[in-house]
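Some notes on the structure that comes next.
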There are 2 protein chains.
Amino acid sequence: MRERPDLRERKKQATQEALREAALRLALERGTANVRVGDIAEAAGVSPRTYNNYFSSREQAIVAAVTAHREARIAKAMADQPTGTRLADAVAEAIVRGYTDPGEDDHAALLLIATDPALRHAFLDATAGIEPPLIAALAQRLGRAEHYVAQVLAASVTAAVRIALERWLRPADPAPAALLVPTGSLPDLLRGALEPLAPALNAAEASRGNSARYT
Amino acid sequence: MRERPDLRERKKQATQEALREAALRLALERGTANVRVGDIAEAAGVSPRTYNNYFSSREQAIVAAVTAHREARIAKAMADQPTGTRLADAVAEAIVRGYTDPGEDDHAALLLIATDPALRHAFLDATAGIEPPLIAALAQRLGRAEHYVAQVLAASVTAAVRIALERWLRPADPAPAALLVPTGSLPDLLRGALEPLAPALNAAEASRGNSARYT
DNA sequence: ACGCAAACTTGCGTGCACGCAAGTTTGCGG
DNA sequence: CCGCAAACTTGCGTGCACGCAAGTTTGCGT
């Protein structure tokens, strides 16, 4: 019993998802403040203690319902980039795709997150999750020798994304007239945030030394 | 009673420092695990509740004893850079100075932090504190119009620093022979982490005032 | 010098995160 | 088909973070 051939794994993922969705559903029904961790656990059919084996805060579970597949999507989008693409473009494209969820926009959830400070924070923290796939993708493009560089660049990209999301979620300061939804153009914000990093990404790619080409 | 002319302020800072130092001292004397928040509060002469008005976790206080003046040092170091310096160099220099504490190395504390996972995490999180001063400094160099760019670059630099610190604190994987102290060359690690960002920083500086796009 | 409002402290109550040490399930080896 | 060890769940206990609603301090305006 050493591998992960996916049977136990399946059940785990199911539980995780059950918790996520229960958390979000309850948070939407009653306010965020009126959801106890026990409620979520109960709704998902596990003990409160088990809840904390999956999520280490109430907010994390709620946010995870929205964040769920982002990392995987970004990883895939990076892999899908045509080999000729300039690194900076590849990254920007992959990020935008990762944050452009096909079919699952869930405006209500986003409004909720944008509204509640604790949720906003948790949502932004979840951004860190995209770093590992980015490291992997960059390390591959730049070569194993440049692992440190890949790490730094991945961290920078992640940071830039965070800035974009922060701005995206920023509640309207001046006119409190409308209940402003986080509807700015996310893709534009993301591309704008990544643009300043383009020189760094492309420079790293250019100096990809003398190691033999892949393919 | 609207300003902050420094008298009440002084007392606040004193309390903060008392807490910080008490926290570190106790953590060093007994292990981290044997320090309750109440002990720290008592040692600093305030109520436990007040402790939490200053720090939102036990680890934060301990780490703060080491982190304390970093942000201010970096801000000053940035301001001190000769106006002719290339942005990337200015930033690298300022960061290195900020993390090179004159006279206060406190090996014991660093060992403690490097050892305990929770403390390590808190220490790395504290890195985020250097972002605001960096934003300010970069915004000044790049011009107010490029505030978004300044934010992104500051966040990237912060992320790079974090990577460097992570590596610095990484416990020795292969040979568990010696109790490895976090003694790598921090300055070198920092410069190495910042190098990949140099093209981005210099490019931003070069294009100061040209492109009128800030999505 | 006095008073008062803002700023800060404190006790209390609630919900929570998480280590630990049982129990229970899972699925591979024989 | 059986047994067993790793993986996962659960209850319990402890310390903790933080909102709230008093108290207490501070220092400006007059």
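All chains are named by letter (A, B, ...) in the order of the sequence lines, taking the proteins before the strands, and each is independently numbered beginning at 1.
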Ignoring backbone atoms, establish whether B/Arg36 has a side-chain N or O less than 4.0 Å from OP1 or OP2 of D/dC16.
yes
May I have the distance from A/Asn53 (atom CG) to D/dG11 (atom C1'), rounded to whole angstrom?
12 Å
If you measure from CG on B/Leu124 to CG on B/Leu169, what distance do you get to the nearest 0.5 Å?
6.0 Å
Using whole Å, what does the distance between atom P of nucleotide C/dC16 and atom CD of A/Gln60 come to?
14 Å
Does a side-chain N or O of B/Lys12 approach OP1 or OP2 of C/dC8 to a distance below 4.0 Å, or not?
yes
By the 4.0 Å heavy-atom rule, please label B/Phe55 as base, sugar-phosphate, or nothing.
nothing
Rounded to whole angstrom units, what separation is found between the CD atom of A/Glu9 and the P atom of C/dG27?
11 Å
B/Leu112 CG to B/Thr32 OG1 distance, which is reported to the nearest 0.5 Å
4.0 Å
Taking A/Arg120 for its side chain and A/Ile113 for its backbone only, find out whether a donor-acceptor pair lies under 3.5 Å.
no
Could a donor-acceptor pair under 3.5 angstrom be found where the side chain of A/Arg49 meets the base of D/dT9?
no
Does a side-chain N or O from A/Ser47 land closer than 4.0 Å to OP1 or OP2 of D/dT10, or not?
yes
Straight-line distance of A/Met78 CE to A/Leu138 CG, nearest 0.5 Å
5.0 Å
Any side-chain N or O of B/Lys11 below 4.0 angstrom from OP1/OP2 of C/dC8?
no
Between A/Glu42 (CD) and C/dG15 (P), how many Å, whole number?
15 Å
Just the rounded figure in Å: distance from P of D/dC18 to CD of A/Glu59.
10 Å
Inspect the contact between B/Arg162 and B/Glu166 and indicate whether a charged nitrogen and a carboxylate oxygen are less than 4.0 angstrom apart.
yes
B/Arg58 CZ to D/dA17 C1', in whole Å, measures 12 Å
For B/Gly98 and B/Ile74, work out which heavy atoms get closest and say how close.
CA-CG1, 3.7 Å
A/Thr50 vs D/dT10: side-chain N/O to OP1/OP2 distance below 4.0 Å
yes
For A/Arg73 and A/Arg97 the tightest heavy-atom approach is NE-O, 4.0 Å
Please work out the stems of DNA chain C from pairs that are Watson-Crick or G-U wobble with both distances under 3.5 Å, keeping only runs of three or more consecutive pairs.
C:1-30 with D:1-30
Quickly work out the B/Asp39 CG to D/dG15 P distance and round it to whole Å.
10 Å
Side-chain atoms of A/Ser56 come closest, of C/dA17, C/dT9, C/dC18, to C/dC18
Are B/Glu93 and B/Arg191 close enough, and set up right, to give a salt bridge (charged side-chain N to carboxylate O under 4.0 Å, His left out), and what steps lead you there?
CA-CA 8 Å; B/Glu93 184 60 23; B/Arg191 288 189 202 277; 3.6 Å; yes
Proximity to the side chain of B/Arg8 - top-ranked nucleotide from D/dC8, C/dA7, C/dA17
C/dA7
Considering just the side-chain nitrogens and oxygens of A/Tyr51, establish if one lies under 4.0 Å of OP1 or OP2 belonging to D/dT10.
no
In this structure, how many angstroms lie between the C1' atom of C/dT26 and the CZ atom of A/Arg10, rounded?
13 Å
